[in-house]
Protein chains: 2
Amino acid sequence: MITKLFIVDDHYMVIEGIHALLQHEKNIEWVGHAMNASSCMAFLQQQLPDIILMDINLPDTSGIELCKTVKEKYPSVNVVALSTFNQQSFIKKMIENGASGYLLKNASTKEMLECIEMTMKGKSYFSFEAAQTLRYQPDDEIILTLREKEVLALIAEGLTNPEIGKRLFISTTTVDSHRKNILTKFNVKNTAALIHAAVKKGFL
Amino acid sequence: MITKLFIVDDHYMVIEGIHALLQHEKNIEWVGHAMNASSCMAFLQQQLPDIILMDINLPDTSGIELCKTVKEKYPSVNVVALSTFNQQSFIKKMIENGASGYLLKNASTKEMLECIEMTMKGKSYFSFEAAQTLRYQPDDEIILTLREKEVLALIAEGLTNPEIGKRLFISTTTVDSHRKNILTKFNVKNTAALIHAAVKKGFL
DNA sequence: CTGCTTATCCCCCTTTTAGGTGATTTTATC
DNA sequence: GATAAAATCACCTAAAAGGGGGATAAGCAG
């Protein structure tokens, strides 16, 4: 069985690299590539591949959004996320949006082939490191409510509690409560450490 | 004249991609690759290439550090930075550490060849976007003193002014002064916005 | 229905920041 | 040796943040 493979990545070198690594594989057909989200969608209107290797960082839309759109319109297409970052939040988001796997860009040919094979069998595949991230860091997962995320974003913008209150049409004391809860969830004791941690964990 | 090319990048796909893109170039000799800083240094003890394409993000040392070390030990070797990020601070730092050029990973083959050619002629080459970043954003360049960088790092860790003072053996009021100067330089009005901006600009 | 989470609100009090203004010493540079 | 930049220290005031406590209403799941 021949797997039709499509790639979305804005880096020419990566596209060429994957192409070079897989060109001698007989059961993989290279149906094309796109360097941004919109040309990817345009391609899919004409032909559906079996697997899309999709970079998370794209110039127009993020891979996380593109993945969602693709899976909604073409549920039969398997999406495998392709990324440099081994960040838990990204991995989680891609899975939520229907990705079948997560491949880091430092993956070997063997890993790539395994990933394609597994995906075609309907199973999930995650790069070793990505899998470890998901497995061994369950406790540092931070779940914020919608409101908390809003507040956090406004804090990062530099707004004070009274300003945030006005913006969200709630009392200053409420903002204060949210803020304290966020600090507790991140296990930090002030705003500086909070913003730093929030960025590192992909919230900002 | 044949250019001896060496690559340092922790992503197998990128190495293969560049290899694929340049393998038919007759005046470029592919002398090898390394996937981290230490094996790069080990290679250089045996053979010196003309140009090193060096990723900024490496697993052990950062490319910025590696560039410095390489140029100190082997000044004849030209280092071209290779990166996904079009961030001013990184570009600036690489130049300061002796890099001859800055190539973005979405560069075309033509750009790569141009870059190699220019570098061999002793000139600098910067990807179009990287050059624009340097040219059109001169005013948002933020220059911090050594002390200010130290203080900023400790603020990001979540230390308060008294704590920072103890750590650096200076008075709390001095820390306060530094802190105010940093806020002014970043043109922000509180810690939250400061940390956010500092991360975006590559200080943290 | 009961417990749980979310979102809302309020109080007290202490510490920390931020804005303003000013000054001294060290260090590097011309 | 003069000049400029960096680093140091100080005082005042007001605003904001953080730590503690507690309360209520709405919505949801077992």
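Just so we're on the same page: letters track the sequence lines, and every chain starts at 1.
Taking atom CZ of residue B:Phe186 and atom P of nucleotide C:dA18, one finds them 14 Å apart after rounding to whole Å. In this structure, A:Asn161 atom CG and C:dT16 atom P are separated by 18 Å, rounded to whole Å. For A:Asn181 and C:dT5, the CG to P distance is 12 Å, given to the nearest whole Å. The interatomic distance linking A:Arg147 (CZ) with C:dT5 (C1') rounds to 16 Å, in whole Å. Taking atom CD1 of A:Ile164 as the reference point, atom P of C:dT8 lies 13 Å away to the nearest angstrom.
Crowding of B:Asn27 atom CG: a count of heavy atoms from other residues, nucleotides or ligands under 6.0 Å exceeding 12.
Contact check for A:Ile7 versus A:Ile52: no side-chain heavy atoms found under the 4.5 Å cut-off.
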Walk me through whether A:Thr69 and A:Thr61 qualify under side chain to side chain contact (heavy atoms under 4.5 Å, CB included).
CA-CA 11 Å; A:Thr69 316; A:Thr61 326; over 6 Å; no
Any chance you could lay out the side chain to side chain contact (heavy atoms under 4.5 Å, CB included) test for A:Glu29 and A:Thr3, step after step, and finish with the verdict?
CA-CA 6 Å; A:Glu29 186 190 340; A:Thr3 304; over 6 Å; no
Would you please test B:Glu150 and B:Leu168 for side chain to side chain contact (heavy atoms under 4.5 Å, CB included) and show each step?
CA-CA 9 Å; B:Glu150 284 183 301; B:Leu168 298 180; 4.2 Å; yes
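A heavy atom closer than 4.0 Å to some atom of DNA chain C occurs in B:Arg179, B:Lys180, these being the qualifying members of residues 168-180 of chain B.
A donor and an acceptor atom, one from each side chain of B:Thr174 and B:Arg147, are nowhere located under 3.5 Å apart.
Chain B approaches DNA chain D within less than 4.0 angstrom (heavy atoms of the protein), and the contacting nucleotides run 5' to 3' from D:dA6 to D:dA10.
Position along DNA chain D of the nearest nucleotide to A:Lys189 versus B:Thr145 favours B:Thr145 as the more 5'-ward residue.
The ring of B:Tyr125 has its center no closer than 6.0 angstrom to the ring center of B:Tyr102.
Relative orientation of the A:Phe186 and A:Phe203 rings is perpendicular, given thresholds of 30° and 60° on the angle between their planes.
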